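As structure tokens, the structure follows; a few thoughts come after it.
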Amino acid sequence: MACQNAIIKSKGRLNLAINFLINNSNNIKKNSLKEFFIICRRNQNKNKAVVILIATETDFVTKNDMFQKLANIILEVALFGKKKKDILKYKIMNKFPLFQIVNYFSNQIFNEYIELKQIVFIEAPFINFYLHHSYNKAACVGFSNYIPNLEQISKNLAIQLVCHTSGQKVTKFLLYKNIKIVTSKVLTK
């Protein structure tokens, strides 16, 4: 049925019909994205972080070593950017734009559609994050002032946020409650 529609829409021109089918197959692939994978990284100065939500068709691809390497490349590039569009256009080794590398891995290596669904940039004087071992939950926290044991406090706060917010919206009360829990644990040690 799809082939017949493509021929009708292209008025019998085979090349246009093939292009129509190829373009529609991408829409079909996008609708098949069911698995979500979160990756995070902060820079060495600990004042900028990036959190990226990657959508895939299955979770098998995310367990692949090549996928892990691709994720690291994406994170390294993303730390230098400020917009998703700029990151996707960034040329690796001054040769290939990142979006071409992602498409190549998607089509040639994994044979599965991969999409960078969302990219979030966070900047603050100090940032830390926690990424759940399942790669489906993460928390990134930023601080504007230095306090003693900030590295440990921020990590514990991020862990508490991930553990206590399974799908629920983070409210000011929940955030305040988690800060109290974390600071009391750190101060008693």
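What you see is a predicted model; the values in this text were computed from it and never measured.
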If the condition is side chain to side chain donor-acceptor pair (under 3.5 Å), which residues does [X] pass it with, not counting sequence neighbours?
X	answer
Asn103	none
Lys82	Glu123
Lys46	Glu151

Q: Could you list all the salt bridge (charged side-chain N to carboxylate O under 4.0 Å, His left out) pairs where at least one residue sits in residues 64-79, not counting sequence neighbours?
A: Arg41-Glu76

What closest approach, in Å, do [X] and [Y] show between heavy atoms, and which atom pair accounts for it?
X	Y	value
Ile114	Ser106	N-OG, 3.2 Å
Ala138	Cys40	CB-SG, 3.8 Å
Ile127	Ala49	CG2-CB, 3.6 Å
Pro148	Ile153	O-CD1, 3.4 Å
Ile39	Ala71	CD1-O, 3.8 Å

Spacing of [X] atom [atom1] and [Y] atom [atom2] [to the nearest 0.5 Å]:
X	Y	atom1	atom2	answer
Thr58	Tyr113	OG1	OH	15.0 Å
Ile122	Phe129	CD1	CZ	10.0 Å
Asn111	Phe105	CG	CZ	14.0 Å
Leu131	Asn136	CG	CG	9.0 Å
Ile119	Asp86	CD1	CG	10.0 Å
Asn149	Lys155	CG	NZ	15.5 Å

Under the side-chain contact (heavy atoms from CB on, under 4.5 Å) test, residues paired with [X] that sit two or more places apart:
X	answer
Phe96	Gln100, Ile101
Asn45	Asn43, Asn47
Leu53	Phe36, Ile38, Lys117, Gln118
Gln68	Phe37

Q. Are Asn64 and Phe110 close enough that some pair of their side-chain heavy atoms sits under 4.5 Å apart?
A.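 Yes; the side chains approach each other to less than 4.5 Å.
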
Does any N or O in the side chain of [X] come within less than 3.5 Å of the main-chain N or O of [Y], such that one atom is a donor and the other an acceptor?
X	Y	result
Ser154	Leu150	yes
Lys48	Arg42	no
Glu57	Glu112	no

If two hydrophobic side chains count as joined below 4.5 Å and joins carry through other members, does [X] share a cluster with [Y]?
X	Y	answer
Ile92	Ile109	yes
Ile87	Tyr104	yes
Leu75	Phe99	yes

Q. Between Thr62 and Glu35, is a side chain to side chain donor-acceptor pair (under 3.5 Å) present by the stated rule, with each step listed?
A. CA-CA 9 Å; Thr62 62; Glu35 298 297 323; over 6 Å; no

Q.
Within a 6.0 Å radius of atom OH on Tyr90, are there more than 12 heavy atoms belonging to other residues, nucleotides or ligands?
A.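 Open: at most 12 neighbouring heavy atoms sit under 6.0 Å from OH of Tyr90.
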
Q: Before giving the answer on side-chain contact (heavy atoms from CB on, under 4.5 Å), spell out for Leu157 and Phe143 the whole-Å C-alpha distance, their side-chain angles and the decisive distance to 0.1 Å.
A: CA-CA 11 Å; Leu157 179 59; Phe143 287 81; 4.1 Å; yes

